[in-house]
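One structure below.
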Amino acid sequence: MARVVVDVVMKPEILDPQGQAILNALGRLGIEGVSSVRQGKHFELEVADDVEDADLTKIADTLLANPVIEDFTIRR
Amino acid sequence: MARVVVDVVMKPEILDPQGQAILNALGRLGIEGVSSVRQGKHFELEVADDVEDADLTKIADTLLANPVIEDFTIRR
Amino acid sequence: MSRPAVDTVEVAATSPSQSQPFKELGLNAEEYQRIKDILDRRPTSSELAMYSVMWSEHCSYKSSKVHLRQFGDKVPAEAKDILLVGMGENAGVVDVGHGLAVTFKIESHNHPSYVEPYQGAATGVGGIVRDILTMGARPVAVQDALRFGPANAPDTARVLPGVVAGIGGYGNCLGLPNVGGEISFDPSYLGNPLVNALCVGVLPADGIKLAKADGPGSHVVLFGARTGGDGIGGASVLASASFEAKGEKKRPAVQVGDPFAEKVLIECCLEIFAADLVTGIQDLGAAGLSCATTELAAAGTGGMDVDLDLAPLRDETLTPEEILMSESQERMMAVVTPENLEKFLEVCAKWEVTATVIGTVTDTGRLVMRWHGETIVDVPPRTLAHEGPVYERPVRRPYDQDALNGEHGNGLPRPKSGEQLRATALKLISSANLADKSWVTDQYDRYVLGNTVLAQPEDSGMIRLTDRALDGSGEADLGVAVSVDGNGRYTRLDPYAGAQLALAEAYRNVATTGARPLAVTNCLNFGSPEDPAVMWQFAEAVRGLADGCQQLGVPVTGGNVSFYNQTGSTPILPTPVIGVLGVIDDVSRRTPMALRGDGAQLYLLGDTRDEFGGSEWANVVHGFLGGRPPKVDLTREKLLADVLINASRDGLIDAAHDLSDGGLFVAVAEGCLRGEVGVRLVVPEGLDPFVFLFSESAGRAIVAVPRTEEVRFTDMCTARGLPATRIGVLDILESAIEVQGQFRLPLSELRTAWAATLPDLFG
Amino acid sequence: MVTFPGSLDDRDALRAVRLAGAEPVPLWHGEKWLSDVQAVVLPGGFSYGDYLRCGAIARFSPAMDSIVDGARQGMPVLGICNGFQVLCEAHLLPGALIRNRSQKFICRDQAVRIENAGTAWTADYEDGQQLVIPLKNAEGCYVADERTLDELEGSGRVVARYLDGNPNGSLRDIAGICNAEGNVVGLMPHPEHATDPLVGPGTDGLPFFSSVLRALVGAA
Ligand SMILES: Nc1ncnc2c1ncn2[C@@H]1O[C@H](COP(=O)(O)OP(=O)(O)O)[C@@H](O)[C@H]1O
Ligand SMILES: [Mg+2]
């Protein structure tokens, strides 16, 4: 049993309205010094040790992320 | 300029419908060995170096997470 | 994993003196003693958990029961013809003919919505929808009545968007059209917003399902979501008080909703109902399993055996006490005969719904629960479900009531010149309470299911129940109309009249669209019942509502009481929210609010008096609350309704809109903006322009009458004795509201002022 | 007409198909295939709660495999709203649909222009015809890379465009697109809710359903 973390973020060229909204909110909160916010998804999976990295990659780019608009990173 | 990552996850005792739905889908995809999935949010912030950790914490628990149902971790 | 020892009946019998945290669970010493007398031993911690939630104000209605009885005592004669199920069940059921019945109910989720606005509001919708489903009905529409602090208060900017997104997020995902509601702002709601959700469902008149466990040997099936530690903050004291080693484990006070699970649960249940596979069914809401098991048993043969450890859990560390108190959403309990069980489980499997047999119906008169073989609960179910404590709380007219009614505010400076009237009109129409609500309502799906005949901003939502368009029979389609209304300021000035004015407005809104009002549901939002002044407001409001329903001939079919709505010791404005349901035999005859028809005559129905107590004008312009609310005349309301209904059936009017908050000008403005037509208004003889435009006299509506029907229409009004005053003519070329001799306000300017307010506030 | 768990506008679409004079066949997402089906509508809603990403999970239901094959062999497929999202997730259509620029669910009567009346689903319209049909979604913002967008424009595969203001931030105001063959169409607004004036803004949506009917009858 191991915990695997997959982070999914929008490709840089795709606009990210959620991140934008947060950035504006920061302004209203009067917080300085944050120049950009991007929001993505964070997955925590409990996987059996015999699960191959290849399987994890498959999970990430067929299900957890949509490669058309998103990039992902896997941390085992 | 530094990149700060904030991960927000539902408190363990709180229902995570999305994670549950993904787990079931994995089953249908015929992928074995994943026993649990939890979905959270992943934020990437560009912050000036003079921004204090205290500010980041404030951002996280006022804006990025609702401490009533979510926990967060900050990586600078 | 070794299980922590549990507090069994055996242990309880032999350790009578063990101290128990009944106070922390909200029970007082007398109540605790009563439990001991009932069981004739100390309760086990599981039993204590059950009694504490079942005897809570929320579940036992201990402070309100003595007052709510009036709804039954004063039930109008009309009720017997239409009422299939009255108060007391999950929701009342009304016969609407054509073999169809309709069930509807409104419920509050105020406190959770303050803590976690999105999830609080979302689970509020989920809860009321399950109540409707439990009656055997397909939910077909929702409405929401909302109250927030001042629109420009920072915390309102936190709560309102979350609440609206939550109601939309859950309702949209369930595929239920949102067809109306209301939203208004007042400082008294800042620390205690109101989120009341209403749901309407349709079922075959002979397909009603009830919450009772009949027939010994039948299976008790728990199905839907797994049980987790949702909303059981209270139970932690038990966990630590029972012999469990590791004490404090924080449990969340809020529940998280899973609308997808609920959508699947709905379709699954409807398939089960259609195949007639259950003898009784109950949703799991407040008090979860405690409530479902005791109510099913109490209403049925009388006994039930349950193996609590069979309940599917989301969190394996839950103790039995926590399982019994858990308010996890999207769960139902059904009573299924042995021969139907297999079919029942098949349907659940098709929808991928978890279903588990956890018990059996018995005739022992006892509810017995086991935990891994050990008996942890052995109680007479009625003592939890029906025989809880009942209090006759002291009532006292608030000390400031006379002063409040005394300051009539007649001295408040009123606009005189046309210029001043124009400025007042703009100020009112752009105030948060009267401004365009589409920022809110555009976040709700009003089209899904394809039967929405009318939705916000119409006077009431209207849903088509039959669909004969396709079977070629060419017959008219039946529909129901629903409206919810409430006015905290009126109720503060006079709770008896305030409740009746809310009832009258909802009743009027339904009739305005051409539907015949049939039945009433209500959500009574008040402060603490332990405050005699609040209790007086409550008693007066209930008395007013009961009398009003009797006079109007519309029975109360159900509702909900929400007490302890206060910040510190300051209660909210007393806020009874009243929902009225009506029926229309031919939905194509509905009357819309959009003023239409060039040259059509605009008529004002009813009497206009100098009535500004509790008005929007006094509130917005002077921040003043005092005097008396508008006069209530229910005979007149009934007459007005008859005229509006007949006029729609006979096609005498093109449009109608009820007059309420803000008075005539606001109603005319809403009608013109929706119809994109101008109007030339004439101030009637002997009426002061200011009173004409802004008074909030009740029992009034405006109607647009085509020239061809004018005589027939006015004759009908004269014959019935309803005052109908011609106040203007519609003009499609003149895109402005012109009040002759006073002022002219272009629709464009009006629309900007009206539409900009909420977007400017909430983005 | 495919119903996934969480499909919502399936009944409405069935009704629209019937109003157009065709015989709708309800398909359960778990069913593998129905040989006698001639065209498929993927209705709106929140399949699987729209968890993860809209349409991401529905894409893997059994029915989808055969629908993808059918589509590749030229069977007309219309994805409405959530159905559009499923078609993108299944890579039958390029690009993707993300959260509305406003962050909010939007329900409103939307003006759109038909840009390509040549597809199986739009033949009964004129090029450039303007319609008003309900739009209701939270993830309606169409995105794709510039190359894809130019390709869509160049080959006339933008089927419908928003008018009078872009409601959700869709690139190039795109409301609907089709595949190269024109048999697969994805559309954000809901034509099935504009087929009966009593319960919708009008009847502007009906031709989507009559078009495919004529295409099939013509072909037969
Ligand atoms: N929170 C809400 N949800 C749905 N509809 C709403 C909401 N608030 C207001 N509306 C709709 O906006 C319209 C105007 O509301 P309101 O001023 O209460 O009307 P009235 O005073 O005639 O009852 C009504 O159609 C009402 O249903
Ligand atoms: Mg109202």
Side-chain angles (χ1 to χ4, degrees), chain A residues 1-12 14 16 18-66 70-76, chain B residues 1-12 14 16 18-66 70-76:
Chain A
M1 260 314 158
R3 154 154 314 180
V4 175
V5 172
V6 179
D7 289 321
V8 174
V9 293
M10 291 266 190
K11 287 189 185 330
I14 306 242
D16 168 17
Q18 288 165 291
Q20 196 50 47
I22 293 166
L23 196 58
N24 304 339
L26 283 174
R28 284 195 299 278
L29 270 174
I31 293 166
E32 311 275 294
V34 180
S35 56
S36 123
V37 179
R38 313 243 336 142
Q39 175 168 349
K41 303 196 188 93
H42 172 85
F43 300 92
E44 295 179 356
L45 291 70
E46 295 295 336
V47 298
D49 303 329
D50 63 354
V51 172
E52 315 267 309
D53 287 0
D55 301 337
L56 292 175
T57 312
K58 178 172 173 223
I59 295 176
D61 79 351
T62 54
L63 189 62
L64 301 184
N66 174 357
E70 297 167 323
D71 299 324
F72 60 86
T73 58
I74 302 179
R75 279 181 283 138
R76 189 156 193 164
Chain B
M1 264 312 155
R3 151 152 321 178
V4 176
V5 171
V6 180
D7 289 323
V8 176
V9 294
M10 289 270 195
K11 289 192 191 316
I14 298 244
D16 172 16
Q18 309 219 63
Q20 199 48 49
I22 295 166
L23 193 60
N24 302 341
L26 285 174
R28 279 194 299 279
L29 268 168
I31 293 167
E32 312 275 293
V34 181
S35 56
S36 127
V37 179
R38 299 203 42 102
Q39 176 171 345
K41 304 197 198 94
H42 173 85
F43 299 92
E44 296 180 357
L45 291 70
E46 295 295 335
V47 299
D49 304 330
D50 62 355
V51 173
E52 315 265 311
D53 288 359
D55 300 341
L56 292 175
T57 311
K58 179 175 171 212
I59 296 176
D61 76 354
T62 54
L63 210 54
L64 305 183
N66 175 357
E70 295 168 321
D71 298 326
F72 58 86
T73 59
I74 303 179
R75 279 181 283 134
R76 190 155 194 165

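Proteins get letters first, then strands, A, B, ... in listed order; numbering begins at 1 in each.
- Evaluation of the side-chain hydrogen bond (donor to acceptor under 3.5 Å, both in side chains) rule for E32(A) yields no partner, not counting sequence neighbours.
- Contact count against chain A (heavy-atom pairs under 4.5 Å) is highest for D7(B) among D7(B), T62(B), I31(B), V6(B).
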Below 3.5 Å, can you tabulate the donor-acceptor pairs from side chains in residues 19-26 of chain A to any protein atom, sequence neighbours excluded?
residue : atom : partner : partner atom : Å
Q20(A)  : NE2  : N24(A)  : OD1          : 3.4
N24(A)  : ND2  : Q20(A)  : O            : 3.4

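- Of all the heavy atoms in V8(B) and L64(B), the pair that sits closest is CG2-O, 3.9 Å.
- For V4(A), no part lies near chain B; criterion is any non-hydrogen pair under 4.5 Å.
- When each of Q18(A), H42(A), Q39(A) is checked for heavy-atom pairs under 4.5 Å with chain B, H42(A) comes out on top.
- Listed by sequence position, V51(A), K58(A), I59(A) are the residues of residues 50-59 of chain A in contact with chain B, using a 4.5 angstrom heavy-atom cutoff.
- Proximity to chain A is limited to the side chain of L63(B), based on heavy atoms less than 4.5 angstrom apart.
- Annotation: the span from D61(B) atom CG to D71(B) atom CG amounts to 11.0 Å, rounded to 0.5 Å.
- Every residue meeting the side-chain hydrogen bond (donor to acceptor under 3.5 Å, both in side chains) condition with E70(A), not counting sequence neighbours, appears here in chain and number order: K41(A).
- For the pair D49(B) and R76(B), the tightest heavy-atom approach, listed with the atom from each and the gap, is O-NH2, 3.5 Å.
- Between chain A and the residues L29(B), V34(B), V9(B), V5(B), the largest count of heavy-atom pairs under 4.5 Å involves V34(B).
- Judged by distance alone, the side chain of R38(A) and the main-chain N or O of K11(A) form a donor-acceptor pair under 3.5 Å.
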